[in-house]
Amino acid sequence: MSRARVARRIATAAAFGGGGISLLGGAAVGLLLTEARLAKRVVGGSGDVPPRADGRYGSAFAHRTGEPPLRLGFLGDSTAAGQGVRRARETPGALLASGLAAVAERPVKLTNVALSGAKSDDLDRQVSLLLDPALPPPDVAVLMIGANDVTRRMPLSTSVRLLSDAVRRLREAGTEVVVGTCPDLGSVEPVYQPLRWLARRASRQLAAAQTIAVVDLGGRTVSLGDLLGPEFEARPRELFGPDNFHPSAEGYATAAMALLPTLCASLGLWPEADERPDARRGEGFLPVAQAAAEAAEEGGTEVTAARTVSSGPRGPWALLKRRRRRPVEQEHPQEESGAAADTSAEGAARRGA
């Protein structure tokens, strides 16, 4: 069965509430668990609380336009929270808030509700935190989720359904959505065969199915692939953090460079000329399932709904883009009034404690 067809089956099962699609037989599961126990001896887990990056970025632009800050929400797991780095400005949320402010020439207010260790079943809680009735909804939200669903053996269709529910709530609130799909867990260096192959297969199938579901709801996806490109496999000592699992500061910067163009394009802030597909970079219109499968194979690839091509016999079409990456400068967050004093249990949960 083709990769696109498998992804479509998972997404369809999620949409209609079907059961999980099993990838492995009993013997394979036993082997996988044995290999996983061995890998855990090498791949560390960090108990550090991710640095809190909530606050205002690009305050230097506040007096230029007089417009209120753009509101950026961040949701997901430890990667979204910034696990593995020690400085707030090195987290993906801070990097993208800084980059968005520079492109928009307008302040950006970042609210990060991601939780270390979260699976997709925590997204409902996170969305509720982000859609505070007392505050305007975010202009755009970035979700990074899926790795823990794979490692903890959540059925892929269940994972996609939970993500779809979260994206739907955000879209109904008027929020643009960008999803960094499940990273390729086969790129984690201390994981050996056959676990590496099985982890890669499950990760990419989930990433492709996530893309189909998100694009159908009007969101955009960026493939995190092997944690954003061949750089991670070529230089794992530099781009993975001390626990050999989460990205380092340079690794998060690589991820942010790939996500920033899509984030800006979702708000109409990217150059219009770059929105047209470039055949020289292998961009173009494809059935959404095929685009999703191709994106899962290559980190940094964006998929969004095709607005100029109607649906065909193989379902809706999508635009696959390989955008040029833009460097993102680090910026210290500026805490807003009262934000730094949030020491409640809910505040700790939002920070990934």
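Note that these values count all heavy atoms, side chains included, but never hydrogens, waters or copies made by symmetry. Every value quoted in this text rests on a predicted model; they were computed, and no experiment measured them.
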Measuring from atom CD of Gln126 to atom CG of Asp124, what distance do you get when rounded to the nearest 0.5 angstrom?
10.0 Å
Partners meeting side-chain hydrogen bond (donor to acceptor under 3.5 Å, both in side chains) with Thr91 (sequence neighbours left out)
none
Pairing residues for Arg86 by the side-chain contact (heavy atoms from CB on, under 4.5 Å) criterion, not counting sequence neighbours:
Asp48
Considering non-hydrogen atoms only, spot the tightest contact between Leu95 and Ala256 and give its length.
CB-CB, 3.8 Å
Flag the pair Arg276 and Glu283 as a salt bridge only when some basic side-chain nitrogen lies within less than 4.0 angstrom of an acidic carboxylate oxygen.
no
Tell me every residue that passes side-chain contact (heavy atoms from CB on, under 4.5 Å) with Ala265, counting only those two or more places apart in sequence or in another chain.
Arg220, Trp270, Glu275, Arg323
Whether Arg169 and Glu172 form a salt bridge (side-chain N of Lys/Arg under 4.0 Å from carboxylate O of Asp/Glu) is what I want to check.
no
Do any N or O atoms from the side chain of Tyr252 and from the backbone of Gln83 form a donor-acceptor pair under 3.5 angstrom?
yes
Pair Cys182-Ile145, side-chain contact (heavy atoms from CB on, under 4.5 Å): steps then yes or no
CA-CA 6 Å; Cys182 180; Ile145 197 76; over 6 Å; no
Residues at least two apart in sequence or cross-chain that pass side-chain hydrogen bond (donor to acceptor under 3.5 Å, both in side chains) with Asp149, listed by chain then number, are Ser120, Ser159
What pairs with Pro136 under side-chain contact (heavy atoms from CB on, under 4.5 Å), at least two apart in sequence or on another chain?
Arg71
Under the rule for side-chain contact (heavy atoms from CB on, under 4.5 Å), what residues qualify as partners of Asp121, not counting sequence neighbours?
Lys119, Met154, Leu162
To which residues is Leu320 joined in a hydrophobic cluster, defined by side-chain heavy-atom contacts under 4.5 Å among Ile, Leu, Val, Met, Phe, Trp and Tyr, whether direct or through other members?
Leu286
Any chance you could measure Leu143, atom CG, to Gln210, atom CD, to the nearest 0.5 Å?
9.5 Å
Assess the side chains of Thr211 and Thr221: does a donor N or O sit below 3.5 Å from an acceptor N or O?
yes
Excluding sequence neighbours, so at least two apart, what forms salt bridge (charged side-chain N to carboxylate O under 4.0 Å, His left out) with Arg168?
Asp165
Test: side-chain hydrogen bond (donor to acceptor under 3.5 Å, both in side chains). Region: residues 132-143. Which pairs qualify, not counting sequence neighbours?
none
For Thr262, which residues count as a side-chain hydrogen bond (donor to acceptor under 3.5 Å, both in side chains) partner, sequence neighbours excluded?
Glu302
